[in-house]
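Okay, so here's the structure we're looking at.
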Amino acid sequence: MTKFIFITGGVVSSLGKGIIGASLGRLLRSKGFSVAIQKFDPYINVDPGTMSPFQHGEVFVTDDGAETDLDLGHYERFIDANFSQLSNVTSGSVYQTVIKKERRGDYLGATVQTIPHITNEIKSRIFKAQKQFKTDFQIIEIGGTIGDIEGLPFIESIRQFKTEVGIGNAINIHCTLLPYLPTSGELKTKPSQHSVNVLRSYGLQPEVLVCRTSKPIPRTEKEKLALFCSVPKESVIECRDMKSIYEVPLALEEQKFAEVVLKLLQTENRVSDLTSWRHLVDKIKNPKKTVKIAIAGKYTKLSDAYISVVESLKHAGYKNDAKIEIKWINSEDCNEYSRCKSLFKDVHGLVVPGGFGVRGIEGKLNAIRYARENNLPFLGLCLGMQCAVIEYARNVVGLEGANSKEFDESATYPVIDLMLEQKNVKGYGGTMRLGAYDCIVKKGSIAHKAYGAAKISERHRHRYEVNNEYIDRIRDAGLVFSGMSPDGMLAEMVEIPENDWFVASQFHPEFKSRPDKPHPLFLGLINAAVKLVKE
Ligand code: GLN
């Protein structure tokens, strides 16, 4: 039978509940248990797909095409499992279902209310996921901070759920912050006490407290927290700031976090095997060199907008005993080609990530041209591949003014165009080409060598694609189309064999990289970049 672990947060937002949940997932996995996750987000958007990356960071995409919160990426990377549509639940999607049922007449004349109709729908999402995942444990993280008005239906649903499944089958881990006051040299516990009080006022008593802190928690303060929050001392877990997020599971393991959880969930403890994770952390802590990679994009002010890209670069770095230093480049700074030389003189590689809209495009084209002409290792992702094709069409094939229809409706050479099935799509939410699709890799190509496979599956999130009318001309000029959809209709990867590493993909490889299993395309980039590092 599945046991349920709810994770709530108090005191402040951005506490890293996702990392704490993901770390617990990793610890349970290392004991041989299976783990699934769900992220409940109280906002009204049906999914984060329509939100600006500036506001909400990256949109993570699952195999089955759900556009989800970026925390799902952490969960997949830590737990090393693939999740689904059922993992992402928002108030918007819950209300949408309930209102659809109401319009159909399913409620037979009843007044449709938050309790029980919305709360029943929330609980049914938990059970639906349980049926699909069938894991030993299901971790359910509630976004936002305790006390937020919009989070209330979710908190109420947990209260009902816990009562229904009974003691020992579901627990609530509450994450808080202990602020440090430098003037008195103290860690303060009062905000945590208050946030537990708010939780209690909704009828929820947390079983475990995880406290974010910049300093070790003194024994007396732990005792105080245990006393005021009514949890045993061993259930007050310290979560110190770490240099790398991948150190968090080990720090929590030292305090027997998973064991505490297992006891509360009346499950026998098992020995854990964290050998490979320890090995990974050892590599992270002892890099032998530093590789500097430029990311030329539009959302560079908020690194969360490219979190999976950054993590994937780091993963490939670990494998090379290298620390990755990111040089964020606002692509508009490359609008003049002459500036590229000085901007890229100190980097060992360039990534042009995904994105939408025309702003900064000319700069991206210049950055890619610089990488192509100067043999700077380059990886293009989605929009990055579209830009690589436009750049090649303009500067090598000689199609002056070549462009994507996304940026210039009346381009003379629209080398990137809307996909056929996108032409009649109305509305923006959930309507892109989303999720995993197979791709056939050209034998003997760089990509083929990197993947070691002729057929791969990768995740997508885009509306535009390479216009097939131009493929022959571009190919004849030297750009290799190294990945195609199985029906041969969609270009999925391009590369330049003469360069040390110039590869771009229409899909998003960053969604499938794991800390101990770097993605082949990122590994290829970093393997090439490392060679440029001067000892
Ligand atoms: N804007 C481009 C498209 O819709 C690229 C999308 C992306 O980079 N995810 O096709």
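Counting convention: from 1, in listed order, for ligands and their atoms alike.
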Query raised in the report: Does R433 come within less than 4.0 Å of E492, counting only side-chain N to carboxylate O?
Result: yes
Query raised in the report: Knowing that exactly one of K283, E311, K285 qualifies, which makes a side-chain hydrogen bond (donor to acceptor under 3.5 Å, both in side chains) with Y246?
Result: E311
Query raised in the report: Exactly which residues line ligand 1, taking a heavy atom under 4.0 Å from it as the test?
Result: G354, G355, F356, C382, L383, Q386, E406, R461, H462, R463, Y464, H508
Query raised in the report: Judged by modelled atom types alone, do D69 and H56 share a side-chain donor-acceptor pair under 3.5 Å?
Result: yes
Query raised in the report: Do NZ/NE/NH1/NH2 and the carboxylate oxygens of D346 and K327 come within less than 4.0 Å?
Result: yes
Query raised in the report: Is there any ring-ring contact (aromatic ring centres under 6.0 Å, His included) pair reaching into residues 317-347, and which pairs are they, with sequence neighbours excluded?
Result: Y306-W328, F344-Y370
**Report entry** Residue pair R29 / S34, side-chain donor-acceptor N/O under 3.5 Å
**Finding:** no
